[in-house]
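By convention in this document, chain letters (A, B, ...) are assigned in the order of the sequence lines, proteins followed by strands, and residues within each chain are numbered from 1.
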Amino acid sequence: MSKTGKGHTDHESNRVTQKQKMNQEKIEVERDWTSLSIKMDTKIKTKIKMKVTKVSAKARAEAKRSIAGENRGRKESGQVGRGASRDEGQLQSAVKLKFKVQPFLKRAAKSAGALAFWPMVLAVSFSLATRAGWPGPTLLGLLNPELQAAPTAGRSFGPQVEKPKLLVIKAGRILTMIGPPIEQGVIIVEGDKIKAVGKDLAIPEGAEIIDEPEGWVLPGLIDVHSSLGLVDERGQSENEELSEPNVAQLDVLDGFYPFDRRIVQVRTSGITAALICPGRRSVIGGQAAVVRLKGQTVDEMKILAPAGVKFSIGEGPKQAFGSKGRLPSTRMGNIYVIRQALLEAREYAGQWAAYNESLAAARKEKRSAATIQPPRRDLKLEALAKVVRGELPAFIECYRIDDISGAIRLVDEFKLKAVFMGCAEGYLVAGEISKRGIPVIVGPMGIGPKRTETENVEISNAARLHKAGVKIALQSETQYGLAALEELPLVAALAVRGGLGEEEALKAITINAAEIIGAGDKLGSLEPGKLADLVIFSGHPLDYRTRVKKVIMGT
Amino acid sequence: MKLKGIKKREPMQLRPESLSALVGSSGRWFVHSSFCLMLILLLLVSPLFFLVEIAQAGAPVDADSGQVLVLRGARILTSANQDYEQGTIVIKGGKIYEIGIDPQIPAGAEVIDVTGCLITPGLIDAHSHLGLGPSGGVTEDNEMSDPVTPQLRIIDSIHPEGLAPDKNQFRQAVAEGVTTAVVRPGSGNVIGGQSAVLKLRGGTVDNMCILFPADMKMALGRKAAYAQKGQMPMTKMGTAFLVRQAMLEAADYRAALDRYENEKKNNPATATTPPPHDLKKEAMLLVLDRKIPVHIHVDQADDIMTAVRLAKEFSFSKLSLAHAEESYKVADELAREKVTVVVGPRMIVYDDDNRPVNLADYLHRQGVEICIMTDADVVQQPFLRSQAAIAVKYGLEPEEALRAITINPARLMGLEKSLGSLEPGKDADLVVWSGDLFDVRQEALRVFIDGVEVYRSPRVDGELKK
């Protein structure tokens with residue numbers, strides 16, 4: 001503990017030590033229980049039956065309490081950094097209930113005899129346990145202490161069915177991102193959703209209350225260009241399938257590792273959701289997904305998948321394939337690969353449209369559809385067909401003005417619903433981008449090493465694009481403090497330095513970011529019905545002295 | 001202390017080649033056959049130098065000639081003992097002449113009102129690769145043909161403006177208040193070469209260089225590049241061995257030189273030839289003779305302790321570590337051994353339990369002297385203060401963060417008498433900021449090096465017009 005110093009954000013460490021303490025307690029209680037069991041055996045030998053029942057009941061209650069403790073520690077806490085202590089009451093009442101039931105059990109034991117007693121105890125405790133929300137395997141663990149003692153490393157077994165709980169956050173200033181700031185406001189959270197936001201709301205009974213009179217609350221920040229779960233701390237990467245320049249058929253969810261250490265790391269800086277993208281070295285890199293940074297499986301975490309198909313033109317693919325003497329080794333090559341793929345996808349979409357039409361016609365005319373053959377499925381073209389049909393956006397990574405112009409030509413030609421990523425020289429063609437209503441995910445700001453295509457990066461890029469009417473989001477700079485923390489507020493502050501308004505800069509990392517990646521219905525603002533992912537800052541989010549105090553993701 | 005003499009020389013006289021000869025192999029200079037001829041020449045020419053020096057030294061000191069500059073009314077963070085809420089700085093002859101709440105302003109001085117602004121010392125980056133080319137392409141800082149290259153001089157690689165795609169690196173650095181950078185060879189080699197301290201003005205490396213050789217750059221525990229070739233070092237043991245061997249070879253060389261000198265002194269008639277030139281060993285002699293300190297790139301705790309062990313074994317004059325991401329594990333050892341850690345470019349590291357550690361803050365509180373770096377262009381040179389801002393954001397006191405990018409690097413390089421803080425007699429390297437130094441929304445309005453304005457924000461003239 002002492003080694004980490006005050007520099008680290010305390011809540012994570014609290015959780016860890018709490019967990020360790022609980023584990024320790026659990027082991028101790030378990031040891032007691034085992035010794036009691038031995039005593040129990042000897043006492044069975046002396047045939048003092050009532051005492052045995054008492055001892056075993058006590059032991060079980062104790063063991064159960066300890067496992068409840070373990071369960072608490074183990075459970076991925078909804079509120080990052082806060083011990084999930086609120087189901088304690090529930091568990092304790094369950095234990096109490098068991099004690100009440102105990103006299104009845106004794107009587108039952110007397111009447112039904114020793115043979116019938118043990119299965120009954122089992123049945124009753126199982127039903128009680130499941131009612132109290134304990135998953136089955138935990139109960140198995142109760143019966144077999146050794147199984148329970150096995151380290152489970154933060155992964156809980158089985159579904160955790162919980163009633164939605166209420167959480168009330170009172171804060172000095174709430175920036176909802178869709179209206180004026182609320183001074184001394186209240187947010188009511190029920191389960192995973194926001195129930196109400198406002199001033200002077202009635203505080204529901206039984207709700208847990210977080211009071212931060214000085215705190216500023218913002219929606220959870222969104223990193224709109226991330227490789228979390230695909231590239232780990234040591235740079236092991238799953239984000240570039242470089243066997244061919246077009247791999248539109250790939251889905252990032254299939255490469256996403258939910259236990260990437262970086263996920264916990266970025267969450268401590270207030271990022272609660274991210275657009276996970278394939279890298280920039282494939283021309284068509286695969287399907288991107290919006291992921292909520294809470295959960296243990298990718299299915300739990302995904303918010304929108306696929307969110308779009310990722311394209312990249314410029315130096316990335318040119319170097320990756322050109323160096324092997326393959327297509328594309330030029331910028332023309334990049335665009336050609338995309339044009340060819342989209343033409344094929346358009347054809348493929350046409351085939352399916354024709355097939356569906358003939359099916360519908362057959363059904364309408366009530367004749368057999370047996371003779372109508374569906375076109376052969378092609379996963380690559382299937383993904384791209386969605387782009388051609390405008391069902392999915394094309395995320396096009398482009399930096400230099402020539403690449404941006406190339407992207408604009410493709411957008412015009414195929415009527416793509418596009419989002420540009422990068423756009424380092426976007427300020428040079430802001431008008432053209434604005435005219436087509438193409439949103440831009442702006443980055444980098446020039447903090448890291450420059451590439452030939454980010455040579456002319458300007459800090460004013462975001463501001464100038466915004467001024468021209470382009471909707472913008474800001475991506476995190478992994479080079480800021482060398483990905484120390486993926487610091488979106490610092491990037492936003494830099495954009496302000498470049499001339500962007502403060503409100504606009506904050507929108508660019510919350511609501512606009514959510515809308516641009518297609519998750520505006522669930523993320524990005526504090527309003528009823530949206531996901532209750534929010535960040536409590538110690539002050540103005542763009543001030544360098546401000547720290548993230550709490551990250552809340554549901555109750 | 002020959003080094004001190006060197007750094008005080010006028011830029012026009014600073015020729016690193018001859019400097020190194022003076023520092024490194026002074027003995028053999030004088031045995032050259034043409035020594036007498038040179039001596040005569042030198043005697044003839046020296047009065048000229050003398051005249052030039054008088055002319056140069058005389059001009060700026062003259063208070064009446066309008067060369068006195070006064071910055072009035074700003075909040076001043078001096079990085080020294082006393083700060084001023086509203087102070088005034090008098091600059092004379094490129095030096096800080098006076099600093100205080102209301103110092104006497106010499107007649108005819110140019111007075112600039114900077115009320116509402118903040119003045120800090122010019123920022124110093126303790127570890128940078130400025131002017132050495134892009135990280136992406138082939139850089140000029142790693143001579144990867146041999147893992148031991150102490151003979152290389154970084155100033156022979158530096159482009160004074162920056163190489164594409166960073167053509168304006170130096171200009172941009174100055175515009176964000178960086179006035180001095182310690183430019184070092186890369187960490188590809190175990191012994192990378194000799195570092196230099198540059199002031200970011202003057203147009204040529206020779207004009208910029210204020211201290212060379214500044215220290216010897218080494219890297220421990222990095223073996224990947226040579227392991228690929230199946231060449232030593234393929235292990236961490238290998239990296240340490242190569243340092244040790246280079247030091248021992250230098251010691252042998254020193255012994256041979258001493259033997260020769262003795263012989264020459266005692267039996268001039270039968271004196272043999274001196275040991276042949278060996279630039280590698282001569283360079284290592286600088287370390288062996290404690291003329292220059294050692295700066296080592298390390299990441300893991302074991303490499304850090306290897307560095308400390310080597311420093312003790314060969315009594316390095318001073319040891320500083322770069323990056324040292326696991327230094328929090330051995331902070332007490334580093335404090336005890338008085339090792340300076342240059343933190344960055346990664347400011348926050350994660351411990352084995354994935355908890356964030358604010359390295360600069362933690363080390364500081366454990367009593368380790370810290371500097372903060374960009375490792376430009378890993379983080380671009382202009383972002384030195386943002387690097388410090390991250391440390392402040394997660395707990396480091398702002399005063400200490402300022403010291404870590406001003407006086408601490410100056411002290412590390414032995415330049416604390418002229419750089420790093422705003423005190424009378426020191427170089428007038430300072431920055432006028434529009435507001436808080438660590439707030440990236442604020443900007444540098446004016447940057448001075450040696451009392452000369454080297455950058456002025458377009459905003460300054462804009463506001464003057466209003």
Side-chain angles (χ1 to χ4, degrees), chain A residues 1-13 15-17 20 233 261-265 268-269 315 319 444-457 459 477 479-485 487 489-498 502 505 542-548, chain B residues 134-137 139 162 164-169 172 323 325 328-329 331 344-351 353-366 374-380 382-383 385-396 398 436-443:
Chain A
M1 271 301 283
S2 64
K3 285 240 163 186
T4 56
K6 78 172 174 188
H8 72 71
T9 22
D10 338 332
H11 41 250
E12 280 297 329
S13 71
R15 192 160 70 94
V16 175
T17 40
Q20 280 165 350
E233 276 187 318
R261 274 164 58 101
R262 290 199 301 149
I263 291 175
V264 175
Q265 296 171 8
T268 57
S269 73
E315 295 294 322
Q319 282 166 7
M445 291 271 174
I447 299 163
K450 285 180 182 159
R451 303 191 299 265
T452 41
E453 57 189 358
T454 57
E455 189 176 342
N456 298 320
V457 68
I459 202 174
E477 289 264 344
Q479 222 67 25
Y480 225 134
L482 209 70
L485 286 170
E487 275 292 357
L490 273 172
V491 172
L494 266 187
V496 170
R497 164 80 189 282
E502 289 196 350
L542 298 183
D543 191 314
Y544 71 94
R545 288 161 296 198
T546 296
R547 291 168 77 171
V548 172
Chain B
S135 279
T139 56
D166 270 329
K167 283 171 299 200
N168 298 315
Q169 240 183 349
Q172 288 166 349
H323 318 298
E325 289 174 13
Y328 65 94
K329 293 183 175 177
R346 193 182 298 278
M347 300 305 298
I348 310 285
V349 297
Y350 292 86
D351 70 5
D353 295 325
N354 209 11
R355 291 172 296 190
V357 181
N358 184 0
L359 208 51
D361 181 45
Y362 182 72
L363 292 173
H364 170 58
R365 281 185 298 111
Q366 296 295 312
T374 58
D375 202 5
D377 64 339
V378 179
V379 169
Q380 292 282 351
F383 293 89
R385 64 187 177 114
S386 334
Q387 290 284 95
I390 291 174
V392 175
K393 175 164 188 164
Y394 292 95
L396 183 66
D436 194 329
L437 162 71
F438 297 119
D439 188 339
V440 292
R441 291 170 291 179
Q442 305 295 341
E443 61 176 315

> Is the shortest heavy-atom distance from the side chain of A/I447 to the side chain of B/Q387 under 4.5 Å?
Replying inline: no

Under 4.5 Å from a heavy atom of chain B, the part of [X] involved:
X	result
A/T546	backbone
A/R451	backbone
A/E453	neither
A/I459	neither

Starting at [atom1] of [X], measure out to [atom2] of [Y] and round the result to the nearest 0.5 Å.
X	Y	atom1	atom2	answer
B/Y350	A/R261	OH	CZ	9.5 Å
B/D439	A/R497	CG	CZ	9.5 Å
B/S386	A/E487	OG	CD	11.0 Å
A/T268	B/Y394	OG1	OH	6.5 Å

Closest approach of [X] to [Y] (non-hydrogen atoms, all atoms of both residues):
X	Y	value
A/A493	B/V440	CB-CG2, 3.5 Å
A/V264	B/N354	CB-ND2, 3.7 Å
A/K450	B/D377	N-OD2, 4.5 Å
A/D543	B/R441	CA-NH2, 3.7 Å

>> Determine whether a donor-acceptor pair (N or O, by modelled atom type, separation under 3.5 Å) exists between the side chain of B/Q380 and the backbone of A/G448.
In response: yes

> Side chain, backbone, both or neither: which part of B/Q442 has an atom under 4.5 Å from a heavy atom of chain A?
Replying inline: backbone

> Which answer fits B/D436, side chain, backbone, both or neither, if we ask what part of it has an atom under 4.5 Å from a heavy atom of chain A?
Replying inline: side chain

>> Checking B/H323 now: which residues fulfil ring pair (Phe, Tyr, Trp, His ring centres under 6.0 Å) with it, not counting sequence neighbours?
In response: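 Per chain and number, B/H323 pairs via ring pair (Phe, Tyr, Trp, His ring centres under 6.0 Å) with B/H127, B/H297.
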
>> Checking A/N456 now: which residues fulfil side chain to side chain donor-acceptor pair (under 3.5 Å) with it, not counting sequence neighbours?
In response: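 Partners of A/N456 by the side chain to side chain donor-acceptor pair (under 3.5 Å) criterion, ordered by chain and then number, come out as A/E425.
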
